[in-house]
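Working notes for the structure below.
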Amino acid sequence: MTASSSANKVSICDVGPRDGLQSEDRIWSVDERVEFINRLSKTGLDRIEAVSFVNPKRVPQMADAESVMAKIDRPEGVRFAGLALNLKGVERALDAGVDEVRYVVVASETFNQKNQGASTEQSMSAFDGIADTVLASGKRLSGTIGVTFGCPFEGEVPLDRVLQIAQRYVDAGVHEIGLADTIGCAVPNQITERVGAVKDVIGDVDLTCHFHNTRNTGIANAAAAVMAGVRLFDASLGGIGGCPFAPRATGNIASEDLAYMLRNMGYDTGIDLNALLDVANWLEGYFPAPLPGQVMKAGLFPEVAQAS
Ligand code: ZN
């Protein structure tokens with residue numbers, strides 16, 4: 001691979017089976033979740049956040065993660081991530097055969113308390129033991145910073161707070177750090193600024209951006225992030241999702257909209273866009289209303305122009 005082609009490579013992790021389904025009123029069956037994941041894994045996506053190993057009493061939509069992991073296809077070149085918020089969840093994730101464990105610390109005290117029932121410091125301190133366990137297993141370890149750009153309860157989140165968590169993650173040995181705009185409040189210049197500041201702290205640790213589109217700034221934020229050098233993104237097919245612990249939060253940016261924008265900007269995601277759109281249309285059949293994704297309605301350009 002030449003330097004220029006690797007500089008153009010961008011990877012999208014579809015988080016729809018986790019972030020997307022976890023706030024749905026209708027609880028998807030294991031077989032439905034498996035079919036969703038299997039369809040995604042045939043589109044050229046190289047990473048899928050398939051499950052979370054959290055308490056099923058708190059998030060019943062994510063129950064039976066072990067069954068989902070046991071039943072999905074595992075095509076070569078596709079990595080399957082699982083979210084865990086404590087050591088028990090991490091051990092379940094490793095036993096279930098995930099390729100990657102994702103952990104979350106929320107940058108605001110109130111939200112961390114609501115999301116994981118612990119103070120930010122408690123979540124951060126617990127991470128050291130978790131990191132050792134995951135690293136000893138040889139699996140990839142990712143630490144997400146929730147509400148990096150704003151909190152629904154506390155408002156503005158100080159940059160120092162974000163940088164401190166990033167530093168703790170780096171010290172613990174993570175492979176990757178995720179910056180999450182959990183409630184979709186960020187705007188592009190804020191992305192440029194925070195991505196730059198975080199990169200200065202984390203050095204060559206990988207950086208992912210996770211944007212929700214609650215205020216319709218998500219795709220603009222993704223554009224700012226890719227131009228700031230970010231090469232890893234989370235997104236959810238069709239833009240499904242929300243957050244059970246964040247008032248008024250809506251879905252992630254749509255994977256197919258992001259993949260379309262990146263392709264037409266000259267980046268290589270490895271995704272077969274037509275195949276991804278087919279899965280988005282299949283997915284829509286499970287929802288009572290049209291999904292938020294835009295490209296699934298408008299079609300690809302220039303392909304639609306050539307076809308008509
Ligand atoms: Zn999210």
Side-chain angles (χ1 to χ4, degrees), residues 9-22 33 36-53 62 65 68-69 72-84 93 96-104 134 139-146 148 169 174-182 184 191 195 205-213 218-219 221-223 225-226 229-243 251-263 267-273 275-276 279-280 283 293:
K9 183 95 185 82
V10 178
S11 170
I12 297 174
C13 175
D14 196 293
V15 298
R18 200 281 302 167
D19 210 349
L21 296 186
Q22 74 170 13
R33 288 156 69 192
F36 182 17
I37 294 164
N38 285 348
R39 285 175 180 263
L40 285 172
S41 71
K42 292 180 181 70
T43 61
L45 280 161
D46 55 16
R47 184 154 63 148
I48 296 168
E49 191 173 305
V51 284
S52 75
F53 297 88
M62 292 290 104
V68 172
M69 286 303 300
I72 55 171
D73 301 332
R74 300 294 291 263
E76 214 182 308
V78 186
R79 286 185 289 134
F80 294 88
L83 178 75
V98 302
D99 299 307
E100 174 182 326
V101 174
R102 292 178 150 202
Y103 187 76
V104 180
V134 177
K139 302 299 183 189
R140 188 173 172 89
L141 176 63
S142 168
T144 294
I145 305 174
T148 292
Y169 274 146
V174 296
H175 301 103
E176 180 176 335
I177 288 175
L179 303 182
D181 184 14
T182 313
I191 304 303
V195 162
V205 171
D206 286 339
L207 184 63
T208 297
C209 281
H210 175 110
F211 296 130
H212 283 258
N213 200 36
I219 201 84
N221 292 338
V226 77
V230 173
R231 292 294 178 268
L232 302 172
F233 289 89
D234 288 349
S236 71
L237 193 70
I240 62 171
C243 174
N252 296 85
I253 55 173
S255 301
E256 68 281 10
D257 291 5
L258 176 62
Y260 166 79
M261 180 185 79
L262 291 169
R263 182 196 72 168
Y267 295 99
D268 172 18
T269 63
I271 291 170
D272 177 341
L273 265 167
L276 197 61
V279 185
L283 181 68

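Scope of the values below: all heavy atoms of this structure, side chains included, with no hydrogens, waters or symmetry mates.
Looking at Glu49, its side chain never comes within 3.5 Å of a backbone N or O of Pro17 through a donor-acceptor pair. Of the possible donor and acceptor atoms, none in the side chain of Arg102 sits under 3.5 Å from a partner among the backbone N and O of Leu141. Side-chain atoms of Asp99 come within 3.5 Å of backbone atoms of Phe80 as a donor-acceptor pair (strictly under, hydrogens ignored).
Within the 4.5 Å cutoff, the side chain of Ile12 has heavy atoms near those of the Leu258 side chain. Counting heavy atoms from C-beta outward, Ser142 and Glu100 have side chains that approach closer than 4.5 Å. Under the 4.5 Å side-chain criterion, counting only non-hydrogen atoms from C-beta, Arg33 is in contact with Val51. Counting only heavy atoms from C-beta outward, the side chains of Cys209 and Val195 approach each other to under 4.5 Å. A heavy-atom distance below 4.5 Å is found between the side chains of Leu237 and Phe36. When side chains are defined from C-beta on, Ser41 counts as touching Val78, because their heavy atoms get closer than 4.5 Å. Counting only heavy atoms from C-beta outward, the side chains of Lys9 and Arg231 never approach each other to under 4.5 Å. The shortest side-chain heavy-atom distance between Val134 and Tyr103 does not fall under the 4.5 Å cut-off.
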Which is it for Met261 and Ile253 under the side-chain contact (heavy atoms from CB on, under 4.5 Å) test, yes or no, and what are the steps along the way?
CA-CA 12 Å; Met261 180 185 79; Ile253 55 173; over 6 Å; no
Step by step, work out the side-chain contact (heavy atoms from CB on, under 4.5 Å) result for Leu179 and Leu207.
CA-CA 8 Å; Leu179 303 182; Leu207 184 63; 3.8 Å; yes
Apply side-chain contact (heavy atoms from CB on, under 4.5 Å) to Arg18 and Asp234, showing your working.
CA-CA 11 Å; Arg18 200 281 302 167; Asp234 288 349; over 6 Å; no
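For Tyr169, the ring-ring contact (aromatic ring centres under 6.0 Å, His included) partners are Phe127, not counting sequence neighbours. Residues that satisfy the side chain to side chain donor-acceptor pair (under 3.5 Å) test with Ser255, not counting sequence neighbours, are Asp14. Residues passing the side chain to side chain donor-acceptor pair (under 3.5 Å) test with Asp257: none are found, sequence neighbours excluded.
A side chain to side chain contact (heavy atoms under 4.5 Å, CB included) with Ser11 is found for one member of Asp268, Leu232, Thr269 and no other, namely Leu232.
One distance of note links CD1 of Ile48 with CG of Asn38; it measures 8.5 Å at 0.5 Å rounding.
Contact detail for Met69 and Ala96: the closest heavy-atom pair is CB-O, 3.5 Å. Of all non-hydrogen atoms in Phe211 and Gly218, the two that sit nearest each other are CD1-O, 3.9 Å. Taking both residues in full, the closest heavy atoms of Ala65 and Phe53 are given as CB-CE2, 3.5 Å, listed atom of the first, atom of the second, then distance. Considering every non-hydrogen atom in both Arg74 and Gly97, the closest pair reads NH2-O, 2.9 Å. Contact between Ala259 and Leu276 at its shortest, heavy atoms only, is CB-CD2, 4.4 Å. A pairwise comparison of heavy atoms in Gly238 and Glu256 identifies N-OE1, 3.0 Å as the closest pair.
No hydrogens or angles considered: a donor-acceptor pair under 3.5 Å links the side chains of Asn252 and His210.
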